[in-house]
Amino acid sequence: MAPGIIEPQPAVSAGRIHSLQSVTEPYDDTLRFYLNGTKVTLDSTSIDPEITLLEYLRGIGLTGTKLGCAEGGCGACTVVVSQLNPTTNKIYHASVNACLAPLVSVDGKHVITVEGIGNVKNPHPAQERIAMGSGSQCGFCTPGIVMSLYALLRNNGADDDNLSELEIEEAFDGNLCRCTGYRPILDAAQTFSKSRSCGKSTSNGGSGCCMEKGNGTNGCGMKDVNLNGDQPIKRFTPPGFIEYNPDTQLIFPPSLKKHELRPLAFGNKRKRWYRPVTMRQLLEIKSVYPSCKIIGGSTETQIEIKFKAMQYTASVYVGDIAELRQYRFKDDHLEIGGNVVLTDLEDICLKAIEHYGPVRGQPFRAIHKQIRYFAGRQIRNVGTPAGNLATASPISDLNPVFVATNTVLVAKSLEEEIEIPMSQFFKGYRTTALPSDAIIASLRVPIAREKGEYLKAYKQSKRKDDDIAIVNAALRVSLDDSHRVESVDLVYGGMAPTTIAAKGAVQYLKGKSWTDPETLEGTMNALGQDFDLRFGVPGGMATYRKSLALGFFYRFYHEVLTDLHVNNDKVDSDVRGEIEREISSGAKDLQATEAYEQKILGKANPHVAALKQCTGEAQYTDDIPVQKNELYGVMVLSTKAHARLLGVQTEAAMELQGVVDYVDHQDLPNAKANWWGAPNCDEVFFAVDEVFTAGQPIGMVLATSAKQAEAGARAVKVEYEDLPAIFTIEEAIMKESFFPHYRYINTGDSERAFQEADHVFSGVVRMGGQEHFYLETQACVVVPKPEDGEMEVYSSTQNPSETQAYVAQVTGVQANKIVSKVKRLGGGFGGKETRSIQLTGICATAANKTNRPVRCMLNRDEDMMTSGQRHPFLAAWKVAVNKGGKLQALDADVFANAGWSQDLSGAVVDRGLSHIDGVYRIPNVNVRGRLAKTNTVSNTAFRGFGGPQGMFIAESYMEEVADRLGMPVEKLRQINMYKPHEITHFNQELKDWHVPLMYKQVMSEADYESRRESVTAFNAAHKWKKRGLAIIPTKFGISFTAIFLNQAGALVHIYHDGSVLVAHGGTEMGQGLHTKMTMIAAEALKVPLANVFISETATNTVANTSSTAASASSDLNGYAIFNACEQLNARLAPYREKLGAEATMTELAHAAYFDRVNLSANGFYKTPDIGYVWGPNTGQMFYYFTQGVTAAEVEIDTLTGDWTCLRADIKMDVGRSINPAIDYGQIEGAFVQGMGLFTMEESLWHRGSGQIFTRGPGNYKIPGFRDIPQKMNVSLLKDVEWENLRTIQRSRGVGEPPLFMGSAVFFAIRDALKAARKQYGCEDVLSLQSPATPERIRVSCVDPIVKRAEVQPMEGEKSFFISI
C-alpha cells in the first residue's frame, strides 16, 4: 500500500522495556555470517536493525539481487542461505526472498548471491545454460531464477543425476518472469535432469542416450565414471555447455559447522531485535514482554511493515531455536515443532505416510497436498505452521486440516503448558485463543483410524501455484461398519472471517448412512444454509465461493463412496480427482531460417546481455551507484478517487529525522510547466485543487534514505472533500462521461446490407484490462550539473526524447541542457512509453529545487496505482450474414476505459477499430470508437495497443455468429478469411498474405481434425471434466498510427582497433533490440559480431527519437543503422579494394584514418508509403501486417473452474527473421502474456475506497511456470517469398503480434464450456467475458450445484469489487 494511505501504528508499548533489557542483558550484540565465502561481522553500531537482507546486500553494492515486489511474490530477490538444518541435521541450501528476510535471520549461516556463484568470464553452469538457452530477456527476474535453480542443484549434491524433471519444473514456483513465457528457462534447466542431461538423449533431440538404449556401462559420457560412487561429477552434459560439478561449488564454511549460536540482542531506541536460541530464553522474553512481535519466516510481518506502516519496537526471531524445529512419531499422533519450516514439513509428511501407512497417514497426505501449492519454495523454506496459525488467516491452507483432524496445539509459557484443541483456537478475524505470554510449541496431529475414516483436503485459487486460496477445505468423516456417520468435520477457509466448520451440515450428517443418496442432498442443503453468503460479501465472488463449498463436499462424498467399494449406481466416478499437469515440453523449428541465413543475420545468436543478466552484472536504473548528496523521493498520492483538495499539511513530515524537503506544483517554473501528456496535454505532474483518481501524485517528500522518505510521505496530512466518481464504462456511458476523441471507419453500405441479409445477429463483448507487471518498477535517477541548468536523467523509460522534453519543461531550461539516458529496462511492454514521464518529471522538479541528485524507484503498489494498464473495452456489435455463412456487414460501437486522462487512449481505440475485422473480409463496415472518462488510473500503451481488443471483438462475434448458425466456427473462419490482395475495411491491400496458408498448416501440423474428434469423445465420456479446442488467426498492422513517429536515427563510429560503437534511438527492454541492431551493423560492415557494441540509448547521441514501441523499432532503427553503415562502406570501399577482400576492419580503419576519412556516420530512416486519413478513409495505415495462427486445447474442471492448457501450436510469419532465437523468445513470451490477459489477469477496484485492489503479486496473478501449455510447439513460416516486404532483411515486427495468439486458450475454454452447458440441455449462446477466470468458468456452467449456489443481490446491494 502506498505511503499516506495508512497511519503509522506502534505495535507495542514501551512499558516493559526495562524488564526485557534485564532478561536479555547477557545476550550478544554481534551478527556473524558468511557472504559468498567471506566472513562478515556486524555489531549494533554498524547496522540499521530495520533493514532486510535485500537492503543490506544492495547497500554494499551487490545489486544483482533485485527488488521486484517487496512481498515475496515474484522471486526477483532470491538468494541462497545455507545452514545446518536443525530438523534434519544436514546442510540445506535454502532459496529465500531477501526482500522479506530480516538481517538477524542469517546469523550463523552462509548467504550466497548471484554474484557469488559466477561471472561473465567464469559463469556457473546454471547461469550459462539459461543465458545460452534464451532464458533471459529483460533479465530483471533472471538472478532470482538462477538462484532458485542453483539451490536445487546444491541440495541434490552428488546425487545430481537423480534430479527429476518434476523437481526441476516445480523448482521455480516462487519465481515470476514477464518476458520469456518460461519455456526457454525450463528447457535450459532441464539439461540438468537425469533424462535430458545427455546430449544424445531423445529429449535433447539426439538418437538416444546409451542409458536409454540399455548399454549404460560404457556408453557416451559414462566410460570414465567410477561406479563405486566416489565420483559425483555429472557426465551427461549437453554439447557446448559447461559441465556441472558439485565438488567445485562454494563450500559451506567449515567454521559454521562448529559455530555456536548465541542469543542476540541488537538495535537502537526505535527498533531492537532479539534472537533467543533456546525455548527457555524465548519464554523468558515472552513473560516480561508478552506483546513483543514473534518472527519466524517474516513472510507476513515484513509486508505489514512495508505496506501497512506497522512499527514493531521489539521483535523476536525464533527461527534458530532447535527445540521448536523437531518432530516425533508417536503411537497415535505425529508431534510437529511449531517452527518446523514448511519445506521440512513436506518431507516429514511423506515419512509419516511411510511410517503409519497410507490409511492411517491420511492427515499427512492432506497436509502435504496443501503445502505443495502453498506459496513458493522461497516462502516454504522459511514459513512455519506456528506462523500460519498465529496470524489466523481466514484463507490459510493448513488451518482447515488442523481443525478437521482434531489436532491439539501445545502452547507453552514460562509458567505452564496448555493444550488447545484446534477447533477452539480461532476466536474471530485474526484473533486466537493463544495466551499473550505463550508460544505455539508444537502440534499433535492425530493419525487416522485403520478402518472407516476418510480425509481429503481441497483448494481453489486464481492460479495453481503460489497463490492464496479463494476457498479451501479439509473434510473428514468416520463411518461404522454399516457406513453410518460416527463423526464428521467439514472445515472451510475463505467462507467467513475465520477458519470455520459447517456446523449445520455436520449436525445433519451425524448418524446418517453415507451410501443413502438422500444424505448427499440433505448435506448440500445444509451447506447452503451454513454458507448463505450475501452478494456484497467482503472478498466478493459470492456465487463462486458458495459453489466451491458445495462442490468440494460433492467431490469428497463421491470419493469416499468410491473408496467404500459399494455397489451403488449413484457413484459419480468422474468427479474424482483434480486436474494434474504433466511435465511441460516444447518444440521449435530450428531450421526455419536456413534458406536465408547469412554470415550473421538469420542465425540464432543469444541476447547480447544474457550472460551479464544471468550473473547479476547487468546494470538497471536503481543499480546505479548512489550519488554524492543524493536524496530519495517518495510520492504523496491521493487516497480518493475523486475529491477536492482542501489542504496539504507537511509540517509533521518535515520534523522527521532525515526528511529534507517537500516538492509540489508550487516548485515549478510556472503553472503551465505542470501540464504534460501526449498527444493531448491534459494531465498534471502534481494535483493542484482537485484529484481525479486514487494514486494521483500530490507531492513528493525528499529524505536521505528511502525509509525516511516513506515515513515522511505517510506523515503528510491531506484533507479532502469527496466528489462523485465514475469507474466503469457502463457508468460513463450512462452519465455521458467521454473525452472529445471520436473516430470512425465507414466503408460500403451497412444499412442496405443489414436490410438484405438472411440473418442479423447482435451481442456485447466485454474485455478487462491488464497490468504490465514489468519486474522492474518505474525508476529514475536525476543528477543536476553545476552549470547552465544541465541535468542528466537516468530513467527506466521507452521514451528518452519525451523524457528530455518534459524534464526541460519542469526545470525551465532548453532541451539541449538535458541528457536522457537509458542503459536497459527491466521490462516495459508499453507501460514505460509515457507513464515513466510522470515520475521523472517529479524527480527532476525535486532535483532542480534542491540542486541535489534525486532517486526514486516505485514500490509495486505505487507502480500499479500510478502507471496505468491495458484499456478495458466494451463493444456492442451487430453482424449481417447470409445462410451460407458469408459475412455481409458489421456495425459496432466500441468504448475504451481511458481513465482520468487521455494519455495514448485515442490511438489505442483507433487501432482497436482498425483490427475489428480480425482476418475476415466484411464488405460493409461501420464502426465507431469513444473514450470513457472515469476516475481510475490513466490507462496507457500495452503490448498490442488496442489491436488485441479489436481482434477479440472480431473473434467473439465470429464465435457467437457460428453458434447461432449452427456451424463450426472453424468453417465460418475459413469461409470469410481474406484472400491475397483483398482490401481491408480501411482500404489497404493485403500483400504477402499468408494467413490462409498458415491456417491450413496449423490444422495439419496440430492434427486438429483428429483431435476435435478426440475432444468430442472425451466430453461425451466425462461429466465434470471437459476439453475444448480452438484455432485463432491474427493480423497485426505494423507502423505508428501517428505518422511523424515512423522515423529513426543512428550514429555509428568505427575506432582504430576495428571495433564499432553503435547508437540508435531504441531502448533495450528485453526484446533483443540491441542484439538485432548489432547483428545488422556487423553484417553490413563485415565485422565479427563481438566487435560491435551498443553502450546505451541517449539523447545526446541520437536526437529526436520515437518511443520504442509499436513493434517497429527493429524496422526503423535497423534501417537507420544500415543507412549509416552504407555511408561508412562507401568511404571504406577504396581501402577494401586496395587492401583486399580479406582485410580486417582494424587495417581498413587505420588506413582510412590516416587519410583523414570520417569514420563516423549518422544514419536516418523514415517509413515510406504510409499516411492514413481518418474520416475520408484514404491512405495507407500500416506498412505491412505480421500474421499468425495458433491452435490450443484445454481441459477444465467444471466443478471448480480450474483449467489447464494441454497444448498450443503457434505459427508466426515474421518474414526473414533477423535472429530466430530472439523471435521465438518474443513469440513465447507474448503468447503467455496474452494467455494471462484472456484467462487470469483480472484488475479489481475496491468499491468502498475507490482504490485498485489487485495490487502486487499477492492479489494480481500473472501466469507462472506451471501455467504455460503442457506442450508448446512454435514455428516460423518458411518456404514462401515475401515479394512486397521492403523492411530491413525483409523481416517483420514481432514484439506485439503474437500476444493475441494467447486468446486461443480463451476460445478453447469457451469451447469446453459449450460442451459443459450442452450436457445439461443449455444451448444458449455463451457470451464469455474476458478474462476467463476460474470464477467465470465455474459460474458459466449450468449444473445443479452452481444453480443452487447462485447468489442474487438484494435491492440496492452492490458487489464488493468493481470490474472496470
Throw together a table of side-chain donor-acceptor distances under 3.5 angstrom for residues 1089-1104, partners on residues two or more places apart or in other chains.
from    : atom 1 : to      : atom 2 : distance (Å)
Thr1097 : OG1    : Gly1066 : O      : 2.6
Thr1099 : OG1    : Ser820  : N      : 3.0
Thr1101 : OG1    : Ala1098 : O      : 2.9

Would you tabulate the side-chain donor-acceptor contacts of residues 60-67 under 3.5 Å, counting partners in other chains and residues two or more places apart, or write 'none'?
from  : atom 1 : to     : atom 2 : distance (Å)
Lys66 : NZ     : Thr63  : O      : 2.8
Lys66 : NZ     : Asp623 : OD1    : 3.4
Lys66 : NZ     : Asp623 : OD2    : 2.5

Exercise. Which residues satisfy the ring pair (Phe, Tyr, Trp, His ring centres under 6.0 Å) test with Phe1122, sequence neighbours excluded?
Worked result: none
Seminar exercise, completed: Residue set satisfying side chain to side chain donor-acceptor pair (under 3.5 Å) with Ser796, at least two apart, ordered chain then number -> Glu776, Lys832
Seminar exercise, completed: By side chain to side chain donor-acceptor pair (under 3.5 Å), His1074 pairs with (sequence neighbours left out) His1064
Exercise. Mind checking what makes ring pair (Phe, Tyr, Trp, His ring centres under 6.0 Å) contact with Phe1036, not counting sequence neighbours?
Worked result: His915
Seminar exercise, completed: Residues pairing under ring-ring contact (aromatic ring centres under 6.0 Å, His included) where one sits in residues 824-852, two or more places apart or in two chains, turn out to be none
Exercise. Taking only residues two or more places apart in sequence, or in another chain, which ones meet Tyr1260 in a ring pair (Phe, Tyr, Trp, His ring centres under 6.0 Å)?
Worked result: none
Exercise. Looking at residues at least two apart in the chain, or sitting in another chain, which of them share a side chain to side chain donor-acceptor pair (under 3.5 Å) with Glu1296?
Worked result: Ser1111
Seminar exercise, completed: Those residues at least two apart in sequence (or on a different chain) that pass side chain to side chain donor-acceptor pair (under 3.5 Å) with Tyr794 are Glu792
Seminar exercise, completed: Arg855 meets the salt bridge (charged side-chain N to carboxylate O under 4.0 Å, His left out) criterion, sequence neighbours left out, with Asp622, Glu630
For this session: Kindly write out the residues that satisfy ring pair (Phe, Tyr, Trp, His ring centres under 6.0 Å) with Phe686, not counting sequence neighbours, or none if the list is empty.
Result: none
